[in-house]
Q: 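First the structure, then my questions, so here it is.
For ligands, and for the atoms within them, numbers begin at 1 and follow the listed sequence.
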Amino acid sequence: MKILGIETSCDETAAAVVEDGKKVLSSALASSAELHIKTGGIIPEQAARKQIESIIPVINNALETIGQDNIDAIAVTYGPGLIGSLLVGVETAKTLSLAWNKPLVPANHLVAHIYANWIEAKKQPEFPAVALVVSGGHTDFVLVKSHGDIKYLGGTRDDAAGEAFDKTARLLSLAYPGGPSISVAAEKYPTSNLDLFPRPMVNSNDLDTSFSGLKTAVLNYTKQNEGFDVNHLAAEIQEAIVDTLVAKSIKAVEKYNPKSFLLAGGVSANKRLREKIAEALKDKAEVFIPEPKYSTDNAAMIAASAFYNYKPVVWKEVTANPSLSIEN
Ligand code: KG4
Ligand code: ZN
């Protein structure tokens, strides 16, 4: 089965055709990130306008060699995300579903991140699985008992992991998005003895995290230490976030004893996190981490998720939901 996936929840306009939830036949992407570099963060209105400009060319691109007649269904992100951006993908997908007479499958963006682990995978993840979705707006631990059976286990009480990268990068005057900028700067500094910033809640027995204290600690440090070394602080920030996520992941795996551990979301592109998670969990569960291009927002994960959770909905009944949760 060939599914056209459409993703427009934030600042990326993406379309991809994926066969049987695994094989990426085509993939096209436009991003308004350049615009947001200038402003140091996303302006939702601008992101939505850019989505409108890009959506048709991107879909055309993804269908160029395959042809619309050869796809079996259309999948689209209906939430969570920025309402203006979501609407562009959702309304376009509804129109195409009606015009081409193809089934329409609404996809939860957070759940779809997890399915990045099935794309081009040498081995299929086995259930039960514990997944950690770390993105710009979410830090969610979930138990996946089978396809679509998802239970929330814990997550951030304040800032998400990606948000912590983005906000602290701003304090260091590093470019948006903060995660990649911090990771590039951090690589210029040795990884030993990085313990400047707190790892809040690592010793609490739940799977909750908190990153807003890190932002305050970094702010105070930069005020008190003029002429600080950016690369050093970047390494300290990255290590504090990574250590917290690793400690909680160990807790999650020890508590639920899953067959697989699935890392997902934009922050899972982080090299240090990938290395430390793989090492920490290697004897406890089979660890899956998407290829970096499928960690950050993409449309292939939307199509993959729709294949394994194939529930078409009449186009009229699909509506964008900006605050959709991972359990829905
Ligand atoms: O999943 P994603 O692409 O979009 C959302 O659904 O939010 O995640 C974006 C987040 C941003 O906060 C960005 O800074 C972070 O992922 N990110 C990274 C890296 N690449 C992207 N964080 C740390 N290291 C990276 N290499
Ligand atoms: Zn995302």
Q: Should Asp243 and Arg199 count as an ion pair when the cut-off is N to O under 4.0 Å?
A: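 So Asp243 pairs with Arg199 through a salt bridge.
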
Q: Of the non-hydrogen atoms in Thr77 and Ser9, which two are nearest, and what is the gap between them?
A: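 Looking at all heavy atoms of both residues, the closest pair is CG2-CB, 4.0 Å.
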
Q: Is it true that Tyr221 and Phe228 have ring centroids separated by less than 6.0 Å?
A: no

Q: Return the closest protein heavy atom for atom 24 (N) of ligand 1 as residue, atom name and distance.
A: Asn270 ND2, 3.0 Å

Q: Atom 22 (N) of ligand 1: which protein heavy atom is closest, and how many Å away?
A: Gly179 CA, 3.2 Å

Q: Heavy-atom contacts under 4.0 Å between Gln238 and ligand 1: side chain, backbone, both, or neither?
A: neither

Q: Have a look at Asp297 and say which of its N, O or S atoms is nearest the Zn ion (ligand 2).
A: OD1

Q: Using a strict 4.0 Å threshold on nitrogen-to-oxygen distance, state whether Arg49 and Glu53 make a salt bridge.
A: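 Here Arg49 does not pair with Glu53 in a salt bridge, since their nearest N and O are not under 4.0 Å apart.
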
Q: Could you list which atoms of ligand 1 come closer than 4.0 Å to a heavy atom of Gly136?
A: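 Answer, ordered by atom number: 5 (C), 7 (O), 8 (O), 9 (C), 10 (C), 12 (O).
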
Q: Mind listing the closest non-hydrogen atom pair of Leu174 and Ser181 along with its distance?
A: CB-CB, 3.9 Å

Q: Examine Cys10 and say whether one of its N/O/S atoms is closer to the Zn ion (ligand 2) than 2.8 Å.
A: no

Q: Is the closest heavy atom of His113 to ligand 1 under 4.0 Å?
A: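 Yes.
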
Q: Just give me the atom name: the N, O or S atom of His109 closest to the Zn ion (ligand 2).
A: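 It is NE2 of His109.
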
Q: Measure across Arg170 and Gly40 and return the closest heavy-atom pair with its distance rounded to 0.1 Å.
A: NH1-O, 3.4 Å

Q: Step by step, would you call Lys251 with Glu254 a salt bridge (Lys or Arg N to Asp or Glu O under 4.0 Å)?
A: CA-CA 5 Å; Lys251 273 209 167 94; Glu254 284 177 348; over 6 Å; no

Q: Would you tell me which option among Ala164, Ser9, Gly266 has the nearest heavy-atom contact to atom 16 (O) of ligand 1?
A: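 Shortest heavy-atom distance from atom 16 (O) of ligand 1: Gly266.
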
Q: State whether Glu91 and Lys94 are salt-bridged, where the test is any N-O pair (Lys NZ or Arg NE/NH1/NH2 against Asp/Glu carboxylate O) under 4.0 Å.
A: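 A salt bridge links Glu91 with Lys94.
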
Q: Which atoms of ligand 1 have any heavy atom of Gly162 under 4.0 Å away?
A: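 Numbered from 1, ligand 1 contributes 12 (O).
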
Q: Is the count of non-hydrogen atoms from other residues, nucleotides or ligands lying under 6.0 Å from Lys255 atom NZ greater than 12?
A: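 Not buried by this count: 12 neighbours or fewer within 6.0 Å.
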
Q: What residue and atom, counting heavy atoms only, is the protein's closest point to atom 2 (P) of ligand 1, and at what distance?
A: Asp297 OD1, 3.3 Å

Q: Does ligand 1 have any atom sitting under 4.0 Å from a heavy atom of Pro180?
A: yes

Q: Can you list the atoms of ligand 1 that are under 4.0 Å from a heavy atom of Val267?
A: 15 (C), 16 (O), 18 (C), 22 (N)

Q: Would the Phe127 and His147 ring centres measure less than 6.0 Å apart?
A: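 Ring centroids of Phe127 and His147 are less than 6.0 Å from each other.
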
Q: Side chain, backbone, both or neither: which part of Asp166 comes within less than 4.0 Å of ligand 1 when only heavy atoms are counted?
A: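 The answer is the side chain.
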
Q: What are the atoms of ligand 1, with element, lying closer than 4.0 Å to any heavy atom of Phe165?
A: 22 (N), 23 (C)

Q: Does ligand 1 have an atom that lies less than 4.0 angstrom from a heavy atom of His109?
A: yes

